[in-house]
Amino acid sequence: MKLPFDIDAGMGTRAALGLVVLPADETLETEMRFLVPEPDVALYHTRIVMPPEVTTETLASMADALPAAVAMLPERSLDVIGYGCTSGATVIGPEGVRQRVREVHPEAEVTDPISATLAACNALGVRRLGFVTPYVESVSAAMRALLVAYGLEITAFASFEEGDDRVVARISPESILASIETVAGQAECDAVFVSCTNLRVAGIAAEAERRIGRPVISSNIALAWHMRALAGLPMGVAPGVSLFSRGL
């Protein structure tokens with residue numbers, strides 16, 4: 001017997017978001033759902049091919065892999081697609097990321113953690129930035145140069161200097177909190193940016209802001225905020241995190 005059925009609007013009646021995640025990333029998806037909790041916002045994930053070692057060469061290789069990864073997202077219209085790799089967006093460039101994503105989903109707004117962080121700094125009025133990374137020096141240097149090229153001043157910097165993304169996922173939130181306090185104490189800055197989607201910052205950001213008295217921006221916080229803004233979603237999430245009190 002063929003059963004009858006009704007059709008409704010399906011998932012994502014408020015917004016549909018796509019997220020490109022690295023194979024070794026164990027953090028982004030969980031933090032994104034914490035920062036995008038609405039049941040009527042669909043959040044779809046896909047993975048992109050990349051070795052676990054973070055070098056400029058492995059990061060650059062993702063440019064060619066992006067269209068295939070994005071093609072694995074659902075065959076529906078998406079409001080926003082976020083490419084979840086801060087260092088990858090640095091090497092490929094935000095415009096390069098946008099072009100490759102729109103080869104498959106031309107209707108979608110596109111962002112990445114670098115574009116999102118620049119927008120976040122603008123929204124918060126940040127010009128002097130304290131900067132924390134997990135990366136080896138060559139990757140951190142490229143990111144510092146890019147942020148400076150966009151008009152930011154890096155007044156303080158420190159890195160865990162870990163090249164294996166699988167290890168980065170295990171850096172404890174307590175260590176990250178201590179690193180934020182260390183960098184904030186090095187020199188005057190308007191905010192502290194913690195780079196890398198694999199670092200667990202969302203759960204400690206409000207406490208970090210309370211301790212240093214300044215905004216804390218992470219790759220995931222910025223990416224979620226920017227995706228929400230581009231999709232026209234309100235900012236009433238993550239109490240105590242300064243960015244989520246601002247629009248674009």
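Under a 3.5 Å cut-off, the side chain of Ser179 and the backbone N or O of Ile176 do form a donor-acceptor pair. Between the side chain of Ser218 and the backbone N or O of Val194, no donor-acceptor pair lies under 3.5 Å. The backbone N or O of Thr155 sits nowhere less than 3.5 Å from a side-chain atom of Arg128 that would complete a donor-acceptor pair. Of the possible polar contacts, one joining the Thr197 side chain to the Gly84 backbone as a donor-acceptor pair under 3.5 Å is found. Side chain of Asp190 to main chain of Arg127: a donor-acceptor pair is present (N/O by atom type, distance under 3.5 Å, no hydrogens or angles). A distance-only check finds no donor-acceptor pair linking the side chain of Glu161 to the backbone of Glu137 [under 3.5 Å]. No donor-acceptor distance shorter than 3.5 angstrom exists from the side chain of Arg210 to the backbone of Gly213, with no hydrogens or angles considered. Looking at Glu29, its side chain never comes within 3.5 Å of a backbone N or O of His45 through a donor-acceptor pair. The closest donor-acceptor contact from the side chain of Trp225 to the backbone of Ala120 lies at 3.5 Å or more, if one exists at all. Although no hydrogens or angles enter the test, the distance criterion places no donor-acceptor pair under 3.5 Å between the side chain of Arg14 and the main chain of Leu233.
Summarising the geometry of Ser140 relative to Phe157, their closest heavy-atom pair is CB-CZ, 3.6 Å, with the distance given to 0.1 Å. The two residues Ser159 and Pro134 have their closest heavy-atom pair at OG-C, 3.6 Å. Looking at every heavy atom in both residues, Leu59 comes nearest to Ser87 through CD2-OG, 3.3 Å. Heavy-atom minimum distance, Ile212 versus Val192: CD1-CG2, 3.9 Å. Closest of all the heavy-atom pairs between Pro67 and Ala63 is CD-O, 3.6 Å. Of all heavy-atom pairs spanning Ile114 and Pro94, the tightest one is CG2-CG, 4.1 Å.
Under a hydrophobic clustering in which Ile, Leu, Val, Met, Phe, Trp and Tyr are joined whenever their side-chain heavy atoms come within less than 4.5 Å, directly or via other members, Leu43 and Met11 fall into the same cluster. Cluster annotation: Met72 and Val104 are assigned to distinct hydrophobic clusters (Ile/Leu/Val/Met/Phe/Trp/Tyr, side-chain heavy-atom contacts under 4.5 Å, transitive). Residues Val167 and Val139 fall into different hydrophobic clusters, defined by Ile, Leu, Val, Met, Phe, Trp and Tyr side chains chained together at heavy-atom separations under 4.5 Å. In this structure, Ile217 is a member of the same hydrophobic cluster as Leu248, with clusters built from ILVMFWY side-chain heavy atoms closer than 4.5 Å.
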For Leu19 and Met32, what are the C-alpha separation, side-chain angles and deciding distance, and is it a side-chain contact (heavy atoms from CB on, under 4.5 Å)? CA-CA 9 Å; Leu19 194 62; Met32 188 63 69; 3.9 Å; yes
Step by step, work out the side-chain contact (heavy atoms from CB on, under 4.5 Å) result for Phe34 and Val237. CA-CA 9 Å; Phe34 171 70; Val237 296; over 6 Å; no
What verdict does the side-chain contact (heavy atoms from CB on, under 4.5 Å) test give for Ser115 and Val110, after you've listed the backbone C-alpha separation in whole Å, the side-chain angles of each residue and the deciding distance to 0.1 Å? CA-CA 9 Å; Ser115 299; Val110 180; over 6 Å; no
Is there a side-chain contact (heavy atoms from CB on, under 4.5 Å) between Leu35 and Val241? Walk through the geometry before answering. CA-CA 11 Å; Leu35 298 167; Val241 179; over 6 Å; no
Is there a side-chain hydrogen bond (donor to acceptor under 3.5 Å, both in side chains) between Thr133 and Ser195 once you walk through the steps? CA-CA 5 Å; Thr133 83; Ser195 182; over 6 Å; no
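Separating the CD1 atom in Ile92 from the CG atom in Asp112 is a distance of 9.0 Å, to the nearest 0.5 Å. The OG1 atom of Thr117 lies 9.0 Å from the CG atom of Leu243; values are rounded to the nearest 0.5 Å. Summarising the geometry, atom CG belonging to Leu66 is positioned 4.0 Å from atom CD1 belonging to Ile48; distances are rounded to the nearest 0.5 Å. Distance CG/Asn198 to CD/Glu31: 9.5 Å, rounded to 0.5 Å. If you take CG on Asn220 and CG on Leu199, they are separated by 8.5 Å, rounding to the nearest 0.5 Å. To the nearest 0.5 Å, the span separating OG1 on Thr111 from CZ on Arg98 amounts to 7.5 Å.
At a cut-off of 3.5 Å, with distance as the only test, a side-chain donor of Arg76 or Tyr44 sits close to an acceptor on the other residue.
In this structure the side chain of Cys189 never reaches within 4.5 angstrom of the side chain of Glu153, judged on heavy atoms. Residues Arg102 and Glu109 have side chains in contact (heavy-atom distance under 4.5 Å, counting atoms from C-beta outward). Between Asp25 and Cys85, the closest side-chain pair of non-hydrogen atoms is not below 4.5 Å. Contact check for Val148 versus Ile154: side-chain heavy atoms found under the 4.5 Å cut-off.
Classification of the Phe193-Phe131 ring pair by plane angle, with boundaries at 30° and 60°, yields parallel.
Considering Arg47, Arg200, Arg170 in turn, Arg170 is the only one that fulfils the salt bridge (Lys or Arg N to Asp or Glu O under 4.0 Å) rule with Glu26.
Heavy-atom contacts from other residues, nucleotides or ligands closer than 6.0 Å to CE of Met235 number more than 12.
Between Glu188 and Arg214, no side-chain nitrogen of the basic residue sits less than 4.0 Å from a carboxylate oxygen of the acidic one, so the salt-bridge criterion is not met.
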